[in-house]
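Structure, as structure tokens:
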Amino acid sequence: MLDRQDKTTILVPPGVTFPTKVALEIKLLNARKAPFPRVGCEINRNPIDIQWRGSAAYIRVKSGSGLLGIDEDSVTGEQPTLDPLEYINEFRGELMGLELRGCLHQGESQTLAAKIAERLPLPPFVAYVLRFGAFDLNQFIDLTPDFRLRIVYPIYVTDNHLQTKEIKGVETVYYEIVADQKDGRVRISEVTAAGTSSNGAGPEGLAKQFAPPFPRSFAYFRLLLKKNLTSADPITVAIILSSADRKHLDDATKELDSSTEASCRAITSPGASCIMFPALTGVNAEIRVKVNGKEAFARLGAQVNEVIRDSGSDDMPRSVQVRRLFDKRLVSIKGDSDSKDLLALILMPGDVISYL
């Protein structure tokens, strides 16, 4: 249910009573596999606490924090000052850190973040950040099977076998992201080239630039957009880091983030691989959804109205239905009668949209 609290829309999961004046508690069975430490795995980041009893996670969210929409402190009556976007991004970082502390096995933190986002009544953009991270703050996103990669390479005109700076067209290539079910690592492989667009000209005489192939082995992958501050014309370039373990991936990310140069030369962390794409190459992670029974893909952070528009509909739909995975089954989301809140809903992987 999409519940409107003042100016904030909350997506309320099945079985949850909302709004609530008391702390909200949920229990996630089998949230981790043994072996695991008996102590030292709690997260106490007000207003969310996570405690453990064996493999079960107990999540408690205090009321009056502002995280569950616009509310006020029940004791002081004051409006909360918590920034939901910044808070949930930091909370997600602590969840990911449980793997480095040995509290979770590799790959379990991503699954836990998705389950918590599914079970808590949160504004849709907060649930989205909890699951994928705040790209605007972090400037990176972890690549999982929820996505496919869409890479648009520029094609330059050649003159006497020498490449010029004139772009004559582009070539689009799609890559699928396949999971290793054991630990959350993935492998990236090319699906198909979508063809070449060269403003009416054929591919003859055009010089194409392609990034090196992705590693063949399973690994953790991270897409970063980095501005090259050492260049006279600082442009943003796409870089993909990978590693067989999260620690080396995090170390390499910190090295690149602290460097003024957007280059793989900034990476010294052992065990981390780096792919830097040519200038002006578009690299995007897209989520897979369904629109009126057909498979479709949407950019990160896209709303329902955007994917309907991209499917070829210019008119406002008369009726809209959105179904979302909950406990591995599709559940209809109920919104306002005029579909306004549904059309503004941020999409999640696996969403099924139907409209007339």
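All of these numbers come straight from a predicted model, not from anything done at the bench.
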Steps toward side-chain contact (heavy atoms from CB on, under 4.5 Å) verdict (E90, E94)
CA-CA 7 Å; E90 292 174 353; E94 289 203 24; over 6 Å; no

Between K62 and R60, is a side-chain contact (heavy atoms from CB on, under 4.5 Å) present by the stated rule, with each step listed?
CA-CA 7 Å; K62 297 178 183 177; R60 186 173 188 270; 3.9 Å; yes

Begin with the C-alpha distance, continue with both residues' side-chain angles, and end with the deciding distance and a verdict on side-chain contact (heavy atoms from CB on, under 4.5 Å) for L104 and S109.
CA-CA 7 Å; L104 296 175; S109 58; 4.0 Å; yes

Given side-chain hydrogen bond (donor to acceptor under 3.5 Å, both in side chains), test S339 with Y355 step by step and report yes or no.
CA-CA 10 Å; S339 302; Y355 69 92; over 6 Å; no

I'd like to know whether V307 forms a side-chain contact (heavy atoms from CB on, under 4.5 Å) with D351, so could you lay out the CA-CA distance, the side-chain angles of the two residues, the decisive distance to 0.1 Å, and finally the verdict.
CA-CA 11 Å; V307 76; D351 281 355; over 6 Å; no

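Within the 4.5 Å cutoff, the side chain of F140 has no heavy atoms near those of the I239 side chain. Between R45 and I48, the closest side-chain pair of non-hydrogen atoms is not below 4.5 Å. The shortest side-chain heavy-atom distance between Q303 and L345 does not fall under the 4.5 Å cut-off. Using a 4.5 Å heavy-atom threshold, the side chains of Q106 and D245 count as touching. The side-chain heavy atoms of V129 and V126, taken from C-beta on, include no pair separated by under 4.5 Å. Looking only at side-chain heavy atoms (C-beta outward), E25 and Y58 stay at 4.5 Å or farther from each other. Between F221 and L149, every side-chain heavy-atom pair lies at or beyond the 4.5 Å cut-off. For the pair L325/L330, a side-chain contact is recorded, criterion being any heavy-atom separation below 4.5 Å from C-beta on.
The side-chain contact (heavy atoms from CB on, under 4.5 Å) search around L162 returns none, not counting sequence neighbours.
Using the six-membered ring where Trp is involved, F214 and Y175 have ring planes that are perpendicular, over 60° apart on the 30 and 60° scheme.
V352 and L343 sit in two unconnected hydrophobic clusters of ILVMFWY residues. Membership requires side-chain heavy atoms under 4.5 Å apart, directly or through other members. In terms of hydrophobic clustering, with Ile, Leu, Val, Met, Phe, Trp and Tyr side chains grouped at heavy-atom distances under 4.5 Å, L225 and I188 are assigned to a common cluster. At a threshold of 4.5 Å between side-chain heavy atoms, the hydrophobic network of Ile, Leu, Val, Met, Phe, Trp and Tyr places V331 and M1 in two separate groups. Connection of F326 to V322 is not established within any shared hydrophobic cluster, with ILVMFWY side chains joined at heavy-atom distances below 4.5 Å, either directly or through further cluster members. The hydrophobic clustering, which links ILVMFWY residues whose side-chain heavy atoms are closer than 4.5 Å, places L28 and V16 together.
Under the 3.5 Å distance criterion, the side-chain polar atoms of S354 are left unmatched by any main-chain donor or acceptor of Q321.
Using a 4.0 Å cut-off between charged nitrogen and carboxylate oxygen, E176 and R148 do not count as a salt-bridge pair. With salt bridges taken as basic N to acidic carboxylate O contacts below 4.0 Å, none links K254 and D250. Ion pairing between D327 and R119 holds under the 4.0 Å rule for side-chain N and carboxylate O. In summary, R185 and D183 engage in a salt bridge, as defined by a charged side-chain N under 4.0 Å from a carboxylate O.
For CZ of R265, the number of neighbouring non-hydrogen atoms (other residues, nucleotides, ligands) closer than 6.0 Å is 12 at most.
Across all non-hydrogen atoms, the minimal contact from W52 to A31 is CZ3-CB, 3.8 Å. Of all heavy-atom pairs between S55 and R32, the closest is CB-O, 3.2 Å.
For residues 100-139, the pairs satisfying ring pair (Phe, Tyr, Trp, His ring centres under 6.0 Å) are Y128-F132, F132-F147, with sequence neighbours left out.
Annotation: cation-pi geometry satisfied between R246 and Y220 (NZ/CZ under 6.0 angstrom from ring centroid, within 45° of ring axis). Stacking of R150 on the aromatic ring of F297 is not recorded, the 6.0 Å distance cut-off and the 45° axial limit not both being met.
In this structure, CG on L300 lies 10.5 Å from CG on L347, to the nearest 0.5 angstrom.
Screening D83, D136, N138 for a side-chain hydrogen bond (donor to acceptor under 3.5 Å, both in side chains) involving N89 leaves a single residue, N138.
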